[in-house]
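See structure below.
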Amino acid sequence: MILRSLLLFVLAALAEIGGAWLVWQGLREHRGWLWVGAGVIALGLYGAIATLQPDAHFGRILAAYGGVFVVGSIAWGMAVDGYRPDRWDITGAALCLAGMGVIMYAPRG
């Protein structure tokens, strides 16, 4: 169950971050409306993927996803834009990911 949830978080991050990047490229880098349209579709997929999480609480899923989004954004920047995070970026991302784990997977009675 946890592995499925983690996979869904990764897929959601790829769709959201990728979609936002496509919109950015289309508008800010003047690559055109096809890039923007592809980004909008990817952002819609992000919303659909989030609904597949096994937990039934929207607020919990989105709060936990925030940690995945932070880490995914830094990773995307490194892979696609040549961004090099400093130690504070890495420390902050690790704290966010730890928070995601607590929010999403802490034992509840």
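Using a 4.5 Å heavy-atom cutoff, the side chains of M100 and V70 are not in contact. Annotation: side chain of S5 is in contact with side chain of Y105 (closest heavy-atom distance under 4.5 Å). Between W35 and E29, the closest side-chain pair of non-hydrogen atoms is not below 4.5 Å. By the 4.5 Å heavy-atom criterion applied to side chains, Q53 and M104 are counted as neighbours. Between V23 and L27, the closest side-chain pair of non-hydrogen atoms falls below 4.5 Å.
Each of L62 and L7 belongs to its own hydrophobic cluster when Ile, Leu, Val, Met, Phe, Trp and Tyr are linked at side-chain heavy-atom distances under 4.5 angstrom. Taken together through direct or relayed side-chain contacts under 4.5 Å among Ile, Leu, Val, Met, Phe, Trp and Tyr, L97 and L95 form parts of separate hydrophobic clusters. Under a hydrophobic clustering in which Ile, Leu, Val, Met, Phe, Trp and Tyr are joined whenever their side-chain heavy atoms come within less than 4.5 Å, directly or via other members, W24 and W33 fall into different clusters. If you chain together hydrophobic residues whose side chains sit under 4.5 Å apart, F69 and W76 fall into the same group.
Closest of all the heavy-atom pairs between V71 and A93 is CG2-O, 3.5 Å. The heavy-atom pair separating P85 from I90 by the smallest distance is CG-CD1, 3.7 Å. Of all the heavy atoms in M78 and R84, the pair that sits closest is O-NH1, 3.6 Å. When all heavy atoms of V68 and A13 are compared, the pair lying nearest together is CG1-CB, 4.0 Å. Pairing each heavy atom of I103 with each of A64, the nearest pair is CG2-CB, 3.9 Å.
For the atom pair I61 CD1 and L8 CG, the distance stands at 9.0 Å (nearest 0.5 Å). To the nearest 0.5 Å, atom CZ of residue F9 and atom CG of residue L52 are 12.0 Å apart. Once rounded to the nearest 0.5 Å, the distance linking OH of Y46 with OG1 of T51 reads 11.0 Å. If you take CE on M1 and CG on D55, they are separated by 9.5 Å, rounding to the nearest 0.5 Å.
Checked by atom type and distance alone, the side chain of D81 never pairs as donor or acceptor with a backbone atom of Y83 at under 3.5 Å.
A side-chain donor-acceptor contact under 3.5 Å links E16 and Y65.
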